[in-house]
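Take this structure first; my questions come after.
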Amino acid sequence: MIIVMKSDSPSAEIERVSSELRRWNITPEKLEGKHKVVIGLVGDTTEIDMRQIQNLSSFIEQVLRVKKPFKRASLEFRYGEPSEIVVPTPNGPVTFGQNHSLVLVAGPCSVENEEMIVETAQRVKAAGAQFLRGGAYKPRTSPYAFQGHGESALKLLAQARVVTGLGIITEVMDTSDMDKVASIADVVQIGARNMQNFSLLKKVGATGKPVLLKRGLAATIEDWLMSAEYILAAGNPNVILCERGIRTFDKQYTRNTLDISAIPVLRTLTHLPIMIDPSHATGFSEFVPTMAMAAIAAGADSLMIEVHPNPAKALSDGPQSLTIEAFEQLMLDLAPLGKFFGRWATNDNATTTPKFATLVSSSANF
Ligand code: PEP
Ligand code: MN
């Protein structure tokens, strides 16, 4: 349930309503949006009489029940206002969100050695990326496949961060590695295979670090949003959703199927920012540029692209990795499209007015 306060509500009145609710044994959560203050009530609110709440204050504009099972992740919970996730990086804050420029994330599947990670970081930065991605702990189908260099790879990521100032995105697979990963990552990735690892979700929720939550291989949109809800419920509001392809029946020509429709669907359901990973979605580097363009056209807030200086020799995910030169070319090709939609950063990560804003807000249904 949410209580929408009128825009001129004095803060003392908001506080008074909140303390009244606490006396009723309900835990209110104040959410300050750009235009409105919303008080979220989570938990079993079935017995609560909405009129009784409405009568608490003349500054209450509306009381709404959130019918979806995901509460904090729902669009209603922020009264239709998209979340802005501001990630501090050495180069300055980068904002993920619907009213901001596209955030570009690039780098190898795995951190292999110092030279390759630092070189890749420098070159993707020069081409326009704001974040370096790279795995230290790798979820591999085969126990005999390269599992990642672990802690030493984290140190190399930290080094690449110092050299380039790029933010770092890397995956955590095990709760016992959380502190190590969170100490160097600017955004902690939960991989597709761990999307429903609930202890991991609770733990990453407790860190407060921004989280990139990849969609599970066979997860429905609701499963995915319920996993986001675990992180939000643990007190961490900074969740970015990443669509990375779902498993369908073709394994020969594509690795997964990019669910591009997830973008407009999620826009009607959640306020959380959306990233698209066309690399894992297609599995082949030659299809990555087309799907990156489709993602921009469909309104994605961020792109994650695997880039390797020598994909033929990559220790993981070589076939889907772009060479550095191909990534540079891709950035040149994406720029006109990004600019057309008002989502391409000039020098900063300044707020823009995306052409999709009107379309999206008109489809949000309260
Ligand atoms: C990755 O980002 O390298 C990765 C393993 O992704 P996913 O969890 O989407 O397979
Ligand atoms: Mn990979």
Side-chain angles (χ1 to χ4, degrees), residues 103-112 116-117 120 124 129 131-143 145-150 153-154 156-157 167-174 177 181 185-197 200-201 204 210-219 221 223-224 227-228 231 239-248 251 254-260 262 274-285 287-288 291-292 295 300 302-323 327:
V103 178
L104 298 158
V105 182
C109 182
S110 305
V111 178
E112 297 176 7
M116 70 83 78
I117 197 66
T120 309
V124 298
F131 283 89
L132 174 70
R133 61 142 291 140
Y137 301 95
K138 294 305 305 175
R140 304 306 301 280
T141 304
S142 163
F146 173 61
Q147 304 284 306
H149 287 309
L154 291 179
L156 296 180
L157 285 170
I168 300 293
I169 302 188
T170 195
E171 177 166 352
V172 65
M173 284 175 54
D174 195 301
D177 296 322
V181 173
D186 298 284
V187 177
V188 175
Q189 177 171 321
I190 301 289
R193 290 157 192 82
N194 268 319
M195 190 205 81
Q196 285 188 316
N197 181 337
L200 196 59
L201 298 178
V204 81
V211 181
L212 179 63
L213 180 65
K214 287 194 142 194
R215 182 178 182 178
L217 277 66
I221 285 183
D223 292 338
W224 189 14
S227 290
I231 304 168
V239 178
I240 302 154
L241 300 168
C242 178
E243 160 63 40
R244 44 77 72 205
I246 46 174
R247 187 158 280 181
T248 55
K251 281 194 65 117
T254 53
R255 181 176 179 185
N256 292 293
T257 297
L258 179 60
D259 181 7
I260 206 88
I274 306 164
M275 178 190 283
I276 293 288
D277 167 357
S279 307
H280 291 87
T282 60
F284 297 97
S285 58
F287 305 131
V288 168
M291 298 324 280
S302 176
L303 286 176
M304 175 184 259
I305 315 271
E306 281 191 340
V307 177
H308 192 286
N310 186 355
K313 291 268 163 63
L315 297 181
S316 58
D317 286 349
Q320 68 196 33
S321 300
L322 299 190
T323 59
F327 178 72

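Whatever order the structure lists ligands and atoms in, that order sets their numbers, starting from 1. What you see is a predicted model; the values in this text were computed from it and never measured. Heavy atoms only: backbone and side chains are in, while hydrogens, waters and symmetry mates are out.
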Looking at NZ of K313 and OG of S321, how far apart are the two atoms once the value is rounded to the nearest 0.5 Å? 14.5 Å
Between the CD1 atom in I169 and the OG atom in S302, the distance rounded to the nearest 0.5 Å is 6.5 Å
Between E306 and R133, is the closest basic N to carboxylate O distance under 4.0 Å? yes
Heavy-atom gap M304 to ligand 1 smaller than 4.0 Å: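 Heavy atoms of M304 never come under 4.0 Å of ligand 1.
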Contact atoms of ligand 1, heavy-atom distance to G191 under 4.0 Å: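 The atoms of ligand 1 under 4.0 Å from a heavy atom of G191 are 8 (O).
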K138 versus ligand 1: do any nitrogen or oxygen atoms come within less than 3.5 Å of each other? yes
Assess whether side chain to side chain donor-acceptor pair (under 3.5 Å) is satisfied between D317 and H308, documenting all intermediate values. CA-CA 9 Å; D317 286 349; H308 192 286; over 6 Å; no
Counting each atom of ligand 1 from 1 as listed, which ones have a heavy atom of R244 under 4.0 Å away?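 Matching atoms, with element in brackets: 7 (P), 9 (O), 10 (O).
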The residue among N256, D277, I276 that forms side-chain contact (heavy atoms from CB on, under 4.5 Å) with E243 is I276
Measure the CG-CG distance between L156 and L132 for me, rounded to the nearest 0.5 Å. 11.0 Å
Restricting to N, O or S, what is the name of the atom of D317 that lies nearest the Mn ion (ligand 2)?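 Checking each N, O and S atom of D317, the shortest distance to the Mn ion (ligand 2) belongs to OD2.
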When rounded to the nearest 0.5 Å, the distance separating OG1 of T282 from CZ of R244 is 11.0 Å
Identify the protein heavy atom lying closest to atom 6 (O) of ligand 1, giving its residue, its atom name and the separation to 0.1 Å.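 Answer, as residue, atom name and distance: K214 NZ, 3.0 Å.
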Got the closest protein heavy atom to atom 2 (O) of ligand 1, with its distance?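 Going by distance alone, atom 2 (O) of ligand 1 is nearest to R133 NH1, 2.7 Å.
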To the nearest 10°, what's the angle at the Mn ion (ligand 2) between atoms SG (C109) and OE2 (E306)? 100°
Which atoms of ligand 1 are found less than 4.0 Å from any heavy atom of C109?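 Taking each heavy atom of C109 in turn, ligand 1 has 3 (O) under 4.0 Å.
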Any N/O pair R193/ligand 1 closer than 3.5 Å: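 R193 vs ligand 1: N/O contact under 3.5 Å present.
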Which value, rounded to the nearest 0.5 Å, describes the distance between E171 atom CD and N194 atom CG? 6.5 Å
Got the closest protein heavy atom to atom 4 (C) of ligand 1, with its distance?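 Here the closest protein heavy atom is H280 NE2, 3.4 Å.
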What about E171: any of its N or O atoms under 3.5 Å from an N or O on ligand 1? no
Please could you name the atoms of ligand 1 that E306 approaches to less than 4.0 Å, counting only its heavy atoms?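 Numbered from 1, ligand 1 contributes 3 (O).
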Should K214 and M304 count as side-chain neighbours, where that means a heavy-atom distance under 4.5 Å? yes
Option set G216, P139, A192, A281, criterion heavy-atom distance to atom 8 (O) of ligand 1, minimum: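 The residue whose heavy atom sits nearest atom 8 (O) of ligand 1 is A192.
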